Participant: 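Here's a structure for you.
Please read these numbers as outputs of a predicted model, since none were measured by experiment. Just the heavy atoms: all of them, side chains too, but no hydrogens, waters or symmetry mates, feed the values below.
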Amino acid sequence: MPQTEAADTGAVPATGPRWWTELPLILLVYGCYTAGRLLARGDVSTAVDHGLAILGIEKALYLNAEHPLNRLFTAEPWLGIPADFWYASLHYVVTPAVLVWLFRARAEHYRAARTWLMTSTFIGLIGFTLLPTCPPRLLSPGHGFVDTMAHYSSYGWWGGEASAPRGMGGMTNQYAAMPSLHVGWALFCGVVLWKYGRSRWTRVAAVGYPLLTAIVVMGTANHYFLDAVAGAVVMGAGLLLAPYVTRTATAARLRLTAWAAPLTAAGNAGPAPIVSDGCQTSAGERIPRQRESRLDPAAGTDASPSDAGDGAAAPAR
């Protein structure tokens with residue numbers, strides 16, 4: 001059966017994700033997340049006003065999950081201390097672990113999930129910038145919240161200022177509470193585990209991890225209930241926008257490939273042309289036209305064969 005050559009569409013051949021390109025990309029997103037939290041500090045009084053406004057909305061809606069959970073975690077160290085460890089570390093451990101698992105076990109779905117997470121994270125950074133919000137733990141004591149991170153700080157590596165390592169509280173933005181990306185990232189992990197996991201335990205983790213994270217962020221007084229809701233909304237928006245982000249990135253990559261193709265073709269055009277322009281050497285010549293340049297014009301055709309070159313044969317007599 002005759003084979004036909006495939007038409008050149010200019011498309012980039014589909015290849016699987018490569019860890020040496022994905023790892024710097026994930027580190028870049030994490031760097032942007034950290035830098036965004038630091039830059040979006042806002043005015044303290046404005047952040048407090050936003051926090052009190054959220055409390056007012058929850059009161060109007062008869063929502064008050066934060067106070068009972070916070071009192072429970074403060075009164076029971078066996079709940080409060082693990083919750084503080086959960087809040088301070090798991091979103092930095094579980095989220096990358098789920099990405100690595102998806103990269104290795106379900107590589108065909110990895111890029112879509114990674115784009116969803118990145119898109120949602122950048123939307124969350126916009127929220128931190130536009131709506132700096134004081135978390136419940138930083139409100140005045142009259143509002144009834146206890147900062148469990150400070151209350152149990154002697155049990156962990158964090159200090160009394162924030163969930164950052166001890167002595168580094170000034171290097172984090174404590175008013176980046178709306179939306180809660182702790183809850184958003186946990187929801188991402190839950191959806192991925194539920195959709196692509198196969199065992200019963202992955203399904204249990206898919207449900208339990210986001211639910212427990214939402215309880216932890218409220219019980220430790222780091223987020224309001226509406227912060228958690230906003231985190232889920234941000235993940236939903238990121239899921240809807242991710243296909244458009246993927247198409248935009250693909251189009252940009254195709255344009256870059258088309259722009260670089262002529263340069264690559266010029267570099268791979270083949271060997272350089274022969275500079276002798278068709279002149280070839282004869283026996284005893286090291287360069288073209290050597291024989292002609294060495295013959296005495298006055299001698300004519302009877303010139304001595306010794307002038308013809310080192311390896312020239314003597315003419316027959």
Side-chain angles (χ1 to χ4, degrees), residues 17 19 21-42 47 50 86-103 106 109-133 135 162-164 171-196 205-206 209-214 216-217 222-224 226-250 252-253:
W19 70 266
T21 58
E22 291 299 321
L23 182 59
L25 185 61
I26 297 300
L27 293 178
L28 175 63
V29 173
Y30 173 71
C32 292
Y33 167 74
T34 303
R37 286 175 59 93
L38 288 174
L39 294 175
R41 291 183 180 273
H50 289 160
W86 185 298
Y87 181 84
S89 59
L90 282 196
H91 67 300
Y92 291 129
V93 176
V94 176
T95 309
V98 169
L99 283 174
V100 171
W101 169 79
L102 190 64
F103 180 88
R106 301 286 187 271
H109 304 293
Y110 170 81
R111 280 179 173 162
R114 175 256 287 158
T115 304
W116 172 28
L117 179 64
M118 291 172 54
T119 304
S120 302
T121 299
F122 280 113
I123 295 174
L125 293 180
I126 295 174
F128 296 157
T129 304
L130 298 181
L131 195 68
T133 302
S163 59
M171 298 182 64
T172 185
N173 179 11
Q174 301 189 71
Y175 300 105
M178 170 62 82
S180 172
L181 287 185
H182 279 74
V183 174
W185 287 4
L187 182 61
F188 164 82
C189 295
V191 171
V192 169
L193 291 174
W194 181 273
K195 189 173 182 180
Y196 303 117
Y209 180 56
L211 180 61
L212 290 177
T213 299
V216 162
V217 300
N222 278 285
H223 289 282
Y224 307 95
L226 291 182
D227 292 346
V229 173
V233 171
V234 162
M235 297 308 297
L239 182 61
L240 294 176
L241 293 176
Y244 299 98
V245 174
T246 300
R247 284 198 289 270
T248 302
T250 301
R253 187 168 64 249

Participant: Do you know the tightest heavy-atom contact between Ala88 and Tyr92?
Facilitator: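 Of all heavy-atom pairs spanning Ala88 and Tyr92, the closest is O-CD1, 4.0 Å.
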Participant: For the OH atom of Tyr175 and the NE2 atom of His50, what is their distance to the nearest 0.5 Å?
Facilitator: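 The NE2 atom of His50 is 13.0 Å from OH of Tyr175, to the nearest 0.5 Å.
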Participant: Heavy-atom distance under 4.5 Å between the side chains of Phe188 and Leu99, does that happen here?
Facilitator: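 Yes. Closest side-chain heavy atoms under 4.5 Å.
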Participant: Between Trp194 and Val191, is any pair of side-chain heavy atoms under 4.5 Å apart?
Facilitator: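 They are not in contact (no side-chain heavy atoms under 4.5 Å apart), so the answer is no.
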Participant: Contact between Val183 and Val217 at the side-chain level, heavy atoms closer than 4.5 Å - yes or no?
Facilitator: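 Val183 vs Val217: side chains touch.
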Participant: Just so I know, are the side chains of Leu117 and Val192 near enough to count as touching, which here means a heavy-atom distance under 4.5 Å?
Facilitator: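 The answer is no, as the side chains (C-beta and beyond) never meet within the 4.5 Å cut-off.
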Participant: How about Leu239 and Ser120: do any of their side-chain heavy atoms sit closer than 4.5 Å?
Facilitator: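 No - every pair of side-chain heavy atoms lies 4.5 Å or more apart.
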Participant: Looking at Ala186 and Pro210, what are the two nearest heavy atoms and their distance?
Facilitator: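 Nearest heavy atoms, Ala186 then Pro210: O-CG, 3.3 Å.
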Participant: Relative to each other, are the rings of His182 and His223 parallel, tilted or perpendicular (30° and 60° limits)?
Facilitator: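 His182 and His223: tilted rings.
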Participant: If you measure only the distance, is there a donor-acceptor pair under 3.5 Å linking the side chains of Trp185 and Thr121?
Facilitator: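 Side chains of Trp185 and Thr121: pair found under 3.5 Å.
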Participant: What distance do Leu187 atom CG and Leu211 atom CG have between them, rounded to the nearest 0.5 Å?
Facilitator: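 If I round to the nearest 0.5 Å, the distance is 11.0 Å.
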Participant: Set out, in order, the CA-CA distance, both residues' side-chain angles and the distance that settles side-chain contact (heavy atoms from CB on, under 4.5 Å) for Tyr209 and Leu193, then state yes or no.
Facilitator: CA-CA 10 Å; Tyr209 180 56; Leu193 291 174; 5.9 Å; no
Participant: Start with the C-alpha distance between Ile123 and Leu241, add both sets of side-chain angles, then the distance that settles side-chain contact (heavy atoms from CB on, under 4.5 Å), and finish with yes or no.
Facilitator: CA-CA 10 Å; Ile123 295 174; Leu241 293 176; 3.9 Å; yes
